[in-house]
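First comes the structure, then the notes that go with it.
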Amino acid sequence: MTRYNFKESEAHWQEAWLDNHCFSVSDIEDGPKYYVLEMFPYPSGRIHMGHVRNYTLGDLVARYKRARGYKVLHPMGWDAFGLPAENAAIANNVPPAEWTEQNISVMRKQLKSMGLSYDWDREIATCHPNYYKHEQKMFLDFLDAGLAYRKEAWVNWDPLEKTVLANEQVIDGKGWRSGALVEQKRLSQWFLKITDYSEDLLSALKELERWPDRVRLMQENWIGRSEGMRLRFKIEGRNERLEVFSTRADTLFGATFCAISPNHSIASELCAKNPDLAAFVEDCNRLGTSEAAIETAEKRGIDTGLRVRHPFIPTKTLPLFVANFVLMDYGTGAIFGCPGHDQRDLDFARKYDLDVIPVVAPKEADPKTFTIGEIAYLEDGVHINSDFLDGLSISDAKEVVATRLEEAGIGDREINYRLRDWGVSRQRYWGCPIPVINCDTCGIVPVPEENLPVELPQEVSFEQPGNPLEHHPTWKNVDCPACGAPAERETDTFDTFFESSWYFARFCSPKAENGLDAAAMAYWMPVDQYIGGIEHAVLHLLYSRFFTRALQKCGHLDVAEPFSGLMTQGMVCHETYQDERGEWLFPDDVHQSDAGENVTVANGSPVTIGRSVKMSKSRKNVIDPEEIISTYGADTARLFMLSDSPPDRDLDWTEAGIEGAWRYINRLWRMVSEPNIPLIAAGLPTPTEMGENVAAAHRAIHKTIAAVSNDLDRFHFNKAVARIRELTNVLESLFPDEAGAGWVYRDGLEVVIRLISPIMPHLAEEMWHALGHQALVADATWPVFEPGFLEEEMVTLAVQVNGKLRGTLKVAKEMDQNSVELSALKIDSVVKMLDGRDPRKIIYVPNKIVNIVV
RNA sequence: GCCCCUCUGGCGGAAUUGGUAGACGCGCUGGAUUCAAAAUCCAGUUCUCGCAAGAGAGUGCCAGUUCGAUUCUGGCGGGGGGCACCA
């Protein structure tokens with residue numbers, strides 16, 4: 001028995017695909033196009049199983065669409081700017097550029113060993129000046145179009161390292177390296193006006209029919225459109241009014257306090273005279289910039305002593321608090337608190353002993369006795385304690401109160417969005433320089449287009465804390481392009497989401513001098529199928545949708561939506577291992593003892609096996625793809641990635657699973673290398689006579705083509721694999737002596753090979769070749785089924801008594817109800833269950849079920 | 001805390017629109033082959049009771065709608081993703 005020699009085969013066919021330029025396309029092609037794109041990787045060092053899964057999925061789609069006659073664009077590149085390169089520079093004293101290039105060359109080689117159908121001539125790396133110079137031009141166009149602006153914003157500041165920290169670098173309010181208490185600092189930063197597109201980004205979600213519903217829902221919630229009112233409250237003893245935004249102006253009669261954000265202008269002003277307040281505000285700001293931290297913090301506040309006048313109750317004033325849960329970025333940075341009908345307000349009121357006045361009660365409740373306990377009442381009902389609103393439903397009351405407030409000139413209807421403008425400034429070296437110059441006399445001056453790109457300096461030092469661009473001896477010193485006086489370059493670089501917001505477009509014309517070539521954009525854009533992790537459901541995907549609109553506005557391309565189809569994949573998981581001391585162990589460090597217990601390889605001490613969780617270096621539950629590919633081959637790894645779990649679910653990596661895949665590969669190979677049925681010549685006419693099993697197998701071939709095509713179209717890859725396995729089971733069980741067996745066996749093999757070719761492309765080529773084909777399967781067309789073979793004449797009906805299965809009936813299709821009932825009532829177990837009783841009702845669903853109700 | 005998802009045999013998962021729960025695979029058990037093993041092949045495998053025929057239970061948990069619910073509705077619980085400077 002021979003084993004499939006994947007090492008030789010995979011190298012050979014990868015070379016053959018390259019020599020034949022199978023996967024190369026031009027910037028402009030003819031005929032129907034299909035653009036398949038997987039999220040490009042950050043070059044962190046080596047590929048991981050998440051990459052293997054992502055790129056296997058994409059390759060399957062790309063190869064399948066190619067077989068179906070599309071011109072397929074399937075590119076790959078590198079999201080090469082980012083924080084890890086700087087961390088490596090600090091830790092190992094390697095320049096980020098060098099570290100990144102090394103990683104790219106390792107990972108490129110690893111990806112090539114997977115046999116992916118990329119057009120490698122279109123490879124890009126975002127850290128190359130010939131990539132980011134176009135990005136700088138885009139930014140200048142955004143600036144012209146009023147889509148980019150500068151404003152002050154908070155950053156996490158490590159006072160010891162004198163560095164801005166990312167949210168993930170802040171651990172329990174302390175810097176991850178220094179351990180110093182993190183401060184909040186206001187810096188002038190660049191923003192993109194994504195909020196100009198709030199409504200468009202929201203309403204266009206409806207048309208993204210090939211996106212998962214949950215991603216659209218998440219984006220919808222992220223944009224967070226809400227219809228409400230902007231109210232102006234009189235503050236006692238002050239001229240200015242307090243502006244608050246509320247979606248529940250109908251609960252105004254239940255208002256018992258007002259609160260402003262710690263960063264509200266009134267709070268800042270009061271801090272000067274009130275040291276307690278100043279200390280509180282400082283404390284609040286320590287929480288950092290992450291929403292999760294702010295939301296989970298205990299609700300606290302401090303009374304400013306100011307009172308706010310109630311708009312409808314002349315005698316009533318409300319205390320004004322500064323509260324840590326009021327966000328400056330949302331609405332007006334001020335709220336009115338109605339504890340009865342908002343949980344946060346209620347928690348706050350209970351803590352500071354404020355009144356709770358119910359103003360909406362359930363229909364059936366008695367308005368005189370209805371009280372609020374520890375849970376705010378959020379349902380609809382009838383207004384009470386609300387003067388002119390009493391008796392109205394929430395929506396009616398909203399309408400009435402809005403009109404009143406508008407008439408009184410103290411409120412306006414307003415639509416608010418949770419979405420904030422996108423801060424793109426990063427105080428870091430390893431990113432794309434923001435192409436502006438700061439001049440004392442001229443202000444912000446764009447770098448003239450002919451001076452682009454503004455390149456990162458090669459020689460930088462990470463010895464001093466902070467941004468190396470700030471400390472660079474010469475780089476930032478330039479003459480002002482406007483007045484010629486000495487000026488300074490902007491030392492902030494772009495957020496790395498900037499690069500990933502247009503790389504998909506660049507892949508269509510990766511070498512074009514003018515950036516995004518119009519004809520290439522018109523042919524290839526948008527991406528027909530985008531594939532990547534669900535973790536990008538909001539930020540990357542929303543930024544890209546905005547960026548594409550901004551590019552359209554500035555004439556760089558002419559589509560609004562970058563990705564017409566989206567598939568989000570689940571994570572790759574593995575069980576975890578811990579030794580007696582609770583230290584994590586690599587899978588290779590664990591084995592089974594002779595007694596069948598799990599022990600360490602090192603010294604045989606017991607190992608605890610934990611549940612399967614996402615593979616991560618920190619928990620050491622990782623399997624190196626390179627090792628898998630060198631042991632079992634790329635096709636085995638690819639098959640395993642596709643065979644069990646559906647793409648959008650998490651996938652458990654198991655040793656047994658990969659071995660099962662490897663066994664199946666060998667089984668397929670033996671079907672051509674050691675066939676049970678001698679292989680006959682190709683192209684012989686369909687035999688006129690077929691044995692019963694042979695004829696069934698022949699029908700199965702056509703059914704499988706139909707089912708697999710349907711499964712692939714709908715991304716049910718695990719089902720497609722199951723169907724192919726079923727067909728191979730049928731072909732293997734054919735008897736050589738039966739009439740027509742040789743012909744059907746060969747026909748079946750030719751079909752199977754083409755069906756597996758997007759999944760196990762190397763094996764498919766090897767088998768195709770073994771069947772005597774000179775051309776590549778990669779260039780073969782998808783098999784076609786004959787609809788006539790799909791139809792069955794007989795169907796099996798389920799026979800139920802009171803909804804419980806009691807037997808089955810094999811009948812002709814579309815049998816009439818009477819004859820079905822007659823036969824059903826004769827079934828032994830049905831007779832037994834009826835026990836002489838007459839059926840009360842018989843439900844018959846043709847070709848499916850008979851249910852006898854007694 | 002908020003938003004989104006998910007839960008089916010020992011395991012991964014199947015089950016067009018509410019209509020035979022468990023396709024396909026892994027694992028396990030028994031058998032064949034072998035000096036022996038690996039590999040391969042054959043058979044069995046949701047659980048409980050039963051020698052069997054068969055009966056009952058069963059899709060995270062609790063209710064509901066229905067002739068019929070893995071599928072629809074409400075509530076609860078476990079696990080996961082995102083939360084704007086990780087990518």
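Just so we're on the same page: letters track the sequence lines, and every chain starts at 1.
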Contact class for [X] (heavy atom, under 4.0 Å): base, sugar-phosphate, or nothing?
{"X": "A:R216", "result": "nothing"}
{"X": "A:M39", "result": "nothing"}
{"X": "A:V164", "result": "base"}
{"X": "A:K614", "result": "nothing"}
{"X": "A:R725", "result": "sugar-phosphate"}
{"X": "A:V155", "result": "base"}
{"X": "A:R428", "result": "base"}
{"X": "A:E726", "result": "sugar-phosphate"}
{"X": "A:G570", "result": "nothing"}
{"X": "A:H540", "result": "nothing"}
{"X": "A:R420", "result": "base"}

Please report the distance, rounded to the nearest Å, between [atom1] in [X] and [atom2] in [N].
{"X": "A:E535", "N": "B:C83", "atom1": "CD", "atom2": "P", "answer": "10 Å"}
{"X": "A:L378", "N": "B:C2", "atom1": "CG", "atom2": "P", "answer": "11 Å"}
{"X": "A:W662", "N": "B:A39", "atom1": "CH2", "atom2": "C1'", "answer": "12 Å"}

Can you find a pair of side-chain heavy atoms, one from A:F497 and one from A:W422, that are under 4.5 Å apart?
-> yes
Verify side-chain contact (heavy atoms from CB on, under 4.5 Å) between A:N87 and A:W176, making sure each step is shown before the conclusion.
-> CA-CA 12 Å; A:N87 293 334; A:W176 67 334; 3.4 Å; yes
If you compare every side-chain N and O of [X] against the phosphate oxygens of [N] (OP1, OP2), does one of them come in below 4.0 Å?
{"X": "A:R649", "N": "B:C7", "result": "yes"}
{"X": "A:N167", "N": "B:A84", "result": "yes"}
{"X": "A:N718", "N": "B:A14", "result": "yes"}
{"X": "A:T496", "N": "B:A87", "result": "yes"}

Exceeds 12 heavy-atom contacts within 6.0 angstrom, atom NZ of A:K162 = no
Using the purine O4'-C1'-N9-C4 or pyrimidine O4'-C1'-N1-C2 torsion, is B:G9 syn (within 90° of 0) or anti?
-> syn
Side chain of A:L83: nearest nucleotide among B:G19, B:A87, B:C26?
-> B:A87
